[in-house]
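Lettering follows sequence order; numbering is per chain, from 1.
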2 protein chains.
Amino acid sequence: MARRTGRRPGNQGTREAILDAARAAFAERGFDAASIRAIAGTAGVDPALVHHYFGSKDQLFLAAMNSPVDPGEVLPKVLAGGADGIGERLVRTFLGVWDSPAGSAGVALLRSAVSNDWTARLLREFITTQVLRRVLDQLDVDPAELPLRGSLIATQLIGLAMMRHVVRLEPVASADPEALVAAIGPTVQRYLTGPLPT
Amino acid sequence: MARRTGRRPGNQGTREAILDAARAAFAERGFDAASIRAIAGTAGVDPALVHHYFGSKDQLFLAAMNSPVDPGEVLPKVLAGGADGIGERLVRTFLGVWDSPAGSAGVALLRSAVSNDWTARLLREFITTQVLRRVLDQLDVDPAELPLRGSLIATQLIGLAMMRHVVRLEPVASADPEALVAAIGPTVQRYLTGPLPT
DNA sequence: CGTTGAGTTCAACAGCTGATGAGTTTCGCC
DNA sequence: GGCGAAACTCATCAGCTGTTGAACTCAACG
């Protein structure tokens, strides 16, 4: 079987070029406002080719988000050190991720989740199943308390990302990362290990 | 002078109906995604009438935001009690505002600021000139430290609003307000009066 | 009465959107 | 060389967008 003849070239990076352009566009304008025509334009490609590769705008978005985001790799290092000082380590790692290439995917996800329903669901599921679940496995937090502690941390960290990378409110937008770690780390620490209201 | 003849009826509330529909639409979909046609539709009015009253979509947005938001009224009560327990009072008042009619304007502003540049500028200026300035006047915070303290508070509070009213992550989305006050109040308190990193 | 002008509607413009399907080029294999 | 298939382009569709200008309705005034 497997009669495979015909053109099978190295697919010389145009697919990756489209994904890069898509990530940049989604990060800058959000899912709804980013247009396939503009993405194809900066990738130097015909708009129809985007559909040829990815089928629909939704699937293009999913493909652009899936590749660079991988909490399974970075989270264990944060959790391995135990509960002591985990707040500061979490904030430091969090800030690092947003300044990396994966950061544009994050901005895209965040921007899109605000104006588009199904991307918001995507963000929620990412937070709950990809992040909170792993924390629960590694750290011994009371499973009954984990959702509240986790979403409290989410309010602080998503708010930090919003102000620093989306709304760009100074001086947080261009503050030294370590200053933010020192200021916000204790907050996260308290949300994770401190007392909880009844 | 003042030759005013012709029809001068009571302007029977259609203008307010348009504003209400606009606030709801902007809150639910954001500035870009909300359409004048849809707004006119739920207001039971022809789309052209919206332009007749407000001129452009931008001006309609401004008109819809201006009426219900007034930090000059609620902030003094929060600040009057002095620095003791101001964190909890701020969070309590903040949550109250978002659950009031003014909350939909807030959601609209927040949603829009993420995907639209000039509404983001609007939100930034609202935070800095309407909120932080008044805090500076009433509380004796070192003016040099106020911007950083203020924007740290903004990360926490905007993050709270995002999670509770936009992304709707549970259990924060439907948590008892007083539980959130108890959990987040100390954070705000520390950002405002606690030590600051160099 | 008739004029006036605000309230309101109709029809249409140009521009953009995601998507489709047929057509063309270009390569790898037999 | 020539066949097959992947990479890629062109033209086009229907639908939506904000905005415009002319037209119509109708209550109040002189």
Side-chain angles (χ1 to χ4, degrees), chain A residues 1-23 25-26 28-64 108 111-112 115-119, chain B residues 1-23 25-26 28-64 108 111-112 115-119:
Chain A
M1 311 308 158
R3 329 184 319 96
R4 17 183 238 91
T5 86
R7 197 190 201 182
R8 239 172 344 282
N11 187 5
Q12 57 257 41
T14 68
R15 191 191 159 96
E16 295 306 315
I18 294 176
L19 279 179
D20 284 349
R23 249 189 305 273
F26 285 138
E28 201 169 344
R29 328 250 291 111
F31 179 81
D32 290 323
S35 81
I36 290 194
R37 280 173 165 86
I39 292 172
T42 75
V45 154
D46 189 276
L49 191 60
V50 178
H51 282 92
H52 172 68
Y53 274 130
F54 300 98
S56 74
K57 194 182 181 183
D58 292 14
Q59 290 170 333
L60 170 62
F61 185 81
L62 285 176
R111 267 214 156 88
S112 304
S115 57
N116 190 281
D117 280 347
W118 76 266
T119 53
Chain B
M1 313 310 156
R3 326 186 319 96
R4 15 182 242 92
T5 85
R7 195 189 205 182
R8 237 169 352 278
N11 188 6
Q12 59 258 39
T14 66
R15 189 191 161 97
E16 296 305 315
I18 293 176
L19 279 179
D20 285 349
R23 250 189 304 274
F26 285 137
E28 201 169 343
R29 328 252 288 111
F31 179 82
D32 290 323
S35 81
I36 289 194
R37 279 172 165 85
I39 291 172
T42 75
V45 154
D46 190 276
L49 193 60
V50 179
H51 281 90
H52 172 68
Y53 275 131
F54 300 98
S56 74
K57 194 183 182 183
D58 292 15
Q59 291 170 333
L60 171 63
F61 184 82
L62 286 176
R111 268 214 156 88
S112 305
S115 57
N116 189 281
D117 281 346
W118 77 266
T119 53

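- In this structure, B:Thr14 reaches the C:dT8 phosphate: one of its side-chain N or O atoms is under 4.0 Å from OP1 or OP2.
- Ring orientation note: the planes of B:Phe26 and B:Phe31 are close to parallel, at an angle under 30° on the 30°/60° scale.
- Distance, A:Arg15 CZ to D:dA6 P: 14 Å, rounded to whole Å.
- Between A:Tyr53 atom OH and C:dA19 atom C1' there is a gap of 18 Å when expressed in whole angstrom units.
- Rounded to a whole Å, the CD1 atom of A:Ile18 is 11 Å from the P atom of D:dA7.
- What separates NE2 of B:His52 from P of D:dC24 is a distance of 17 Å, to the nearest Å.
- Between the CZ atom of B:Phe54 and the P atom of C:dT8 there is a distance of 12 Å, rounded to whole Å.
- Counting to the nearest Å, the P atom of C:dC16 and the CZ atom of A:Arg29 are 12 Å from each other.
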Output a table of donor-acceptor pairs, distance under 3.5 Å, between side-chain atoms of residues 35-43 of chain B and any protein atom two or more places apart or on a different chain; print 'none' if there are none.
residue, atom, partner, partner atom, Å
B:Ser35, OG, B:Ala38, N, 2.9
B:Thr42, OG1, B:Ile39, O, 3.3

Reading nucleotides 13-23 of chain D from 5' to 3' and marking B where a protein heavy atom lies under 4.0 Å of the base, S where only the sugar-phosphate is that close, and - otherwise, the string is ----BBBBB--
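- With hydrogens and angles ignored, the 3.5 Å screen pairs a side-chain donor or acceptor of B:Thr119 with a backbone N or O of B:Ser112.
- For the pair B:Asp32/A:Asp32, no side-chain contact is recorded, criterion being any heavy-atom separation below 4.5 Å from C-beta on.
- The side-chain contact (heavy atoms from CB on, under 4.5 Å) check on A:Asp46 picks up A:Ala48, with sequence neighbours excluded.
- Rounding to whole angstrom units, CG of residue B:Leu49 and C1' of D:dT25 are separated by 13 Å.
- When all heavy atoms of B:Gln59 and B:Phe54 are compared, the pair lying nearest together is OE1-O, 2.7 Å.
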